[in-house]
Structures are given as structure tokens and as C-alpha cells.
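Working notes, beginning with the structure itself.
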Amino acid sequence: WPQEYAPEKPLEMLDERFNKQFLMEQARSFVWGMQPTIANYQSFLAAARKKEIDYLINISKVRDRALKYLLYGRFLRNPETNSLAEDFDISRLSIYAGKQGESVTAFRGNFHLIYAGTWQADNNDVGIALTSISDNSERLTFKFNADDYNLPRSGRISVIDKNGSRLLKEYTGNEIVFDMMLEPGEACVIEFTSGK
């Protein structure tokens with residue numbers, strides 16, 4: 001920070017009204033395959049921002065179990081999904097925002113509550129990273145053609161979450177229809193495999 005624009009307490013927590021923004025930024029990073037990170041972590045955050053830190057730990061665990069997609073995979077176009085949106089506050093914290101004496105400026109916008117990123121592994125399996133920052137359980141539905149993602153016309157659908165991987169169901173035919181409830185703060189990768 002240039003001295004004349006530096007905040008009085010540079011490591012002070014932002015107002016809680018920006019907590020949803022933190023979740024959104026982490027959600028986007030997760031589905032885009034980025035390594036979850038946090039700057040200037042302080043131990044008191046585990047209690048003071050428990051929901052946000054728990055979310056960061058959750059997406060880190062899921063990412064670690066799905067590296068064949070989120071680290072080594074190839075990013076693909078997402079299938080069309082139904083995704084709710086909500087208005088919430090976004091902070092702009094920067095040396096440039098503070099030129100009038102305030103280091104934080106804010107605006108309100110409408111942002112998605114469910115985020116998705118589709119990945120193809122080296123063996124052609126497809127994984128769709130999903131996460132919700134909603135405060136409520138949300139139903140997510142989508143459908144796509146197996147041909148569009150070079151998937152076989154029959155295979156398995158599994159979920160990778162912080163606890164491991166489990167089979168959800170098998171599919172047959174070219175059209176794959178998926179429907180699930182995402183709980184608040186849930187993160188997972190839905191995996192489409194040949195079933196071999």
C-alpha cells in the first residue's frame with residue numbers, strides 16, 4: 001500500500017456482508033480447477049469465519065480427490081444447467097479504490113449460487129465439478145448427449161466428494177439426464193465413466 005492510502009489496520013477482517021463474495025470467489029476457482037488459496041490467514045478465522053473456512057477446506061478435499069480432472073484434465077464446455085442467482089454485496093479492496101480515503105468500496109450485483117466446470121481426463125472420463133454457495137438446498141438438473149463429450153453410450157455416474165467416491169447410477173443411451181440436490185456449501189465432482 002502507498003502510505004497515504006494504506007488502511008489503518010491492513011489485516012482487519014472485511015465486513016460480514018462480503019462473506020458471500022468470498023464463497024463465490026472460492027467456488028469459481030474450484031470449478032475452474034485452480035488450487036484453493038487464502039491470503040493473510042490468521043488462526044482466529046477458523047472461529048470468526050467458520051462457514052467460509054469450512055467451505056475452503058471442503059473444496060480443497062474434493063479437489064485433491066479429483067486431480068485427474070481438475071489438475072490434469074482438459075476444460076470443456078459445460079452442459080446447460082438451471083442455476084439460481086441472488087443479489088449480494090461485492091467489495092473492491094485496492095490501493096486504487098482508496099484514493100478518497102476509503103480502502104474498501106462496494107457495489108451490489110446479481111450472482112450465481114451454483115457453479116459448474118466440466119473436465120475431461122486423459123482416459124476420456126468426464127467430471128463435472130459442482131458447488132453451491134446458496135444458504136438453501138438447491139435442485140440442479142442438466143442433460144447432455146454422451147456423443148458431445150466422447151463418452152460411451154452406457155456407463156456409470158459416480159460422485160466424488162470430501163468423503164471419497166461412490167456410484168450413483170448407471171446410464172444407457174446417448175442422452176444423459178442428471179438431477180440432484182446440492183446442500184449449502186456442498187462441493188463434488190460428478191464423474192461419467194465407461195463402467196469398465
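When reading the values below, keep in mind they use all heavy atoms of this one structure, side chains included, and skip hydrogens, waters and symmetry mates. None of these values were measured; they are calculated from a predicted model.
Nearest heavy atom pair, residue Y149 against residue R77, reads OH-O, 2.7 Å. Looking at every heavy atom in both residues, A27 comes nearest to Y55 through CB-OH, 3.3 Å. Closest of all the heavy-atom pairs between E138 and L84 is OE1-CD1, 2.7 Å. The heavy-atom pair separating C188 from L182 by the smallest distance is SG-CD2, 4.3 Å. A pairwise comparison of heavy atoms in D161 and R65 identifies O-CD, 3.1 Å as the closest pair. K143 approaches P79 most closely through the heavy-atom pair O-CB, 4.1 Å.
At least one side-chain heavy atom of I90 sits less than 4.5 Å from a side-chain heavy atom of M24.
Scanning for side chain to side chain contact (heavy atoms under 4.5 Å, CB included) contacts around V62 gives F30, N58, K162, A187, V189, with sequence neighbours left out. Applying the ring-ring contact (aromatic ring centres under 6.0 Å, His included) criterion to F192, with sequence neighbours excluded, gives F144. With sequence neighbours excluded, the residues that form a side-chain hydrogen bond (donor to acceptor under 3.5 Å, both in side chains) with E25 are Q21. For R139, the side-chain hydrogen bond (donor to acceptor under 3.5 Å, both in side chains) partners at least two apart in sequence or on another chain are D179. Residues that satisfy the side-chain hydrogen bond (donor to acceptor under 3.5 Å, both in side chains) test with S29, not counting sequence neighbours, are absent from this structure. N124 meets the side chain to side chain contact (heavy atoms under 4.5 Å, CB included) test with Q120; sequence neighbours excluded. Applying the side chain to side chain contact (heavy atoms under 4.5 Å, CB included) criterion to Q35, with sequence neighbours excluded, gives T37, R63. Listed by chain and residue number, D89 satisfy the salt bridge (Lys or Arg N to Asp or Glu O under 4.0 Å) test with R108 (two or more places apart in sequence, or in another chain). Every side-chain hydrogen bond (donor to acceptor under 3.5 Å, both in side chains) that N110 has, sequence neighbours left out, goes to D87. Considering only residues two or more places apart in sequence or on other chains, D54 meets the salt bridge (Lys or Arg N to Asp or Glu O under 4.0 Å) condition with K50.
Rounded to the nearest 0.5 angstrom, N174 CG and D147 CG are separated by 4.0 Å. Rounded to the nearest 0.5 Å, atoms CD1 (I53) and CZ (F44) are 9.5 Å apart. With rounding to the nearest 0.5 angstrom, the NE2 atom of H112 is 13.5 Å from the OG atom of S134. Interatomic distance, CD1 of I176 versus OG of S154, reported as 10.0 Å (0.5 Å rounding). Distance CZ/F22 to CD1/I38: 4.0 Å, rounded to 0.5 Å. Between atom CD of residue E86 and atom CG of residue D135 there is a gap of 6.0 Å, rounded to the nearest 0.5 Å.
Under the 4.5 Å side-chain heavy-atom criterion for grouping Ile, Leu, Val, Met, Phe, Trp and Tyr, Y171 is connected to L140 within one hydrophobic cluster. Residues I160 and L151 fall into different hydrophobic clusters, defined by Ile, Leu, Val, Met, Phe, Trp and Tyr side chains chained together at heavy-atom separations under 4.5 Å. No continuous path of hydrophobic side-chain contacts links L130 to M34 [ILVMFWY only; heavy atoms under 4.5 Å]. M180 and L113 fall into different hydrophobic clusters, where Ile, Leu, Val, Met, Phe, Trp and Tyr side chains are chained together by heavy-atom contacts under 4.5 Å. Following chains of ILVMFWY side-chain contacts shorter than 4.5 Å, one cannot reach L167 starting from I128, and the two form parts of different hydrophobic clusters.
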Using distance only, find each side-chain donor-acceptor pair of residues 66-73 under 3.5 Å and give its atom names and separation, not counting sequence neighbours.
unit_1, atom_1, unit_2, atom_2, d
K68, NZ, D125, OD2, 2.9
Y69, OH, E191, OE2, 2.7

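A distance-only check finds no donor-acceptor pair linking the side chain of W119 to the backbone of W32 [under 3.5 Å]. Here the side chain of N19 pairs no donor or acceptor atom with the backbone of R49 at under 3.5 angstrom. With T131 contributing its side chain and E186 its backbone, the two residues share a donor-acceptor pair below 3.5 Å.
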Are N78 and F142 close enough, and set up right, to give a side chain to side chain contact (heavy atoms under 4.5 Å, CB included), and what steps lead you there?
CA-CA 10 Å; N78 282 330; F142 57 85; over 6 Å; no
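A salt bridge is absent between D122 and R74; no separation between the charged side-chain nitrogens and carboxylate oxygens falls under 4.0 Å.
The stretch residues 168-177 participates, sequence neighbours left out, in these salt bridge (Lys or Arg N to Asp or Glu O under 4.0 Å) pairs: R156-E170.
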